[in-house]
Amino acid sequence: MSIYEEVEFEDLDFDPKNQIYTYPCPCGDKFSISLEELWDGEDIATCPSCTLRIEIIYDEEDLPPLRDDDDDDEDDAEGGEDVKDEGKGAGEEKKEEEDVDEKLATIAGKTLAVR
């Protein structure tokens, strides 16, 4: 199969969330290739809407590192907590921890008194 065009790596658009490189196709869609495919030595990007293909010209040393899928889950979970606590100073967080400790002590005291 023939190659429509040779494209320099620097001319591709990168989606860091999905780890996908894209390039506009004349049909109106986009050629795409994943970062993982590039690391595996693949250099042909395809268009999902037509039969055109492009060859990506790149050096492996120019590629960003692959991220682990497991890291995504941890980042998302931690990100949620960070967003919730965003804007709070260390004093506010310490106060919340003290309030929780005080409530736990009160509950523990009542439990001991009942027994």
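Just the heavy atoms: all of them, side chains too, but no hydrogens, waters or symmetry mates, feed the values below. Bear in mind that the values here come from a model prediction, so they are computed numbers and not experimental data.
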Can you tell if the side chain of [X] reaches within under 4.5 Å of the side chain of [Y], non-hydrogen atoms only?
X	Y	result
Leu35	Leu63	yes
Ile20	Thr22	yes
Cys50	Cys25	yes
Tyr4	Pro26	yes

[atom1]/[X] to [atom2]/[Y] distance, rounded to the nearest 0.5 angstrom?
X	Y	atom1	atom2	result
Ser34	Glu42	OG	CD	9.0 Å
Ile56	Ile33	CD1	CD1	5.5 Å
Ser32	Glu37	OG	CD	7.5 Å
Ile44	Arg53	CD1	CZ	5.0 Å
Glu8	Ile57	CD	CD1	6.0 Å

_From CA spacing to verdict: ring pair (Phe, Tyr, Trp, His ring centres under 6.0 Å), Tyr21, Phe31_ = CA-CA 8 Å; Tyr21 284 91; Phe31 296 100; over 10 Å; no
For the student: nearest non-hydrogen atoms of [X] and [Y], plus distance:
X	Y	answer
Asp43	Tyr58	CB-CE2, 3.9 Å
Pro48	Lys30	CD-O, 3.2 Å
Tyr23	Asp11	CD1-O, 3.7 Å

Measure from the side-chain N and O atoms of [X] to the backbone N and O of [Y], and report whether any donor-acceptor pair falls under 3.5 Å.
X	Y	value
Arg67	Pro16	yes
Asp15	Lys17	yes
Trp39	Glu60	no
Glu5	Val7	no

_Would a single hydrophobic cluster contain both Leu66 and Phe9, if residues Ile, Leu, Val, Met, Phe, Trp and Tyr are joined by side-chain heavy-atom contacts under 4.5 Å?_
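Hydrophobic grouping puts Phe9 with Leu66.
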*Are there more than 12 heavy atoms of other residues, nucleotides or ligands under 6.0 Å from atom CD of Glu36?*
no
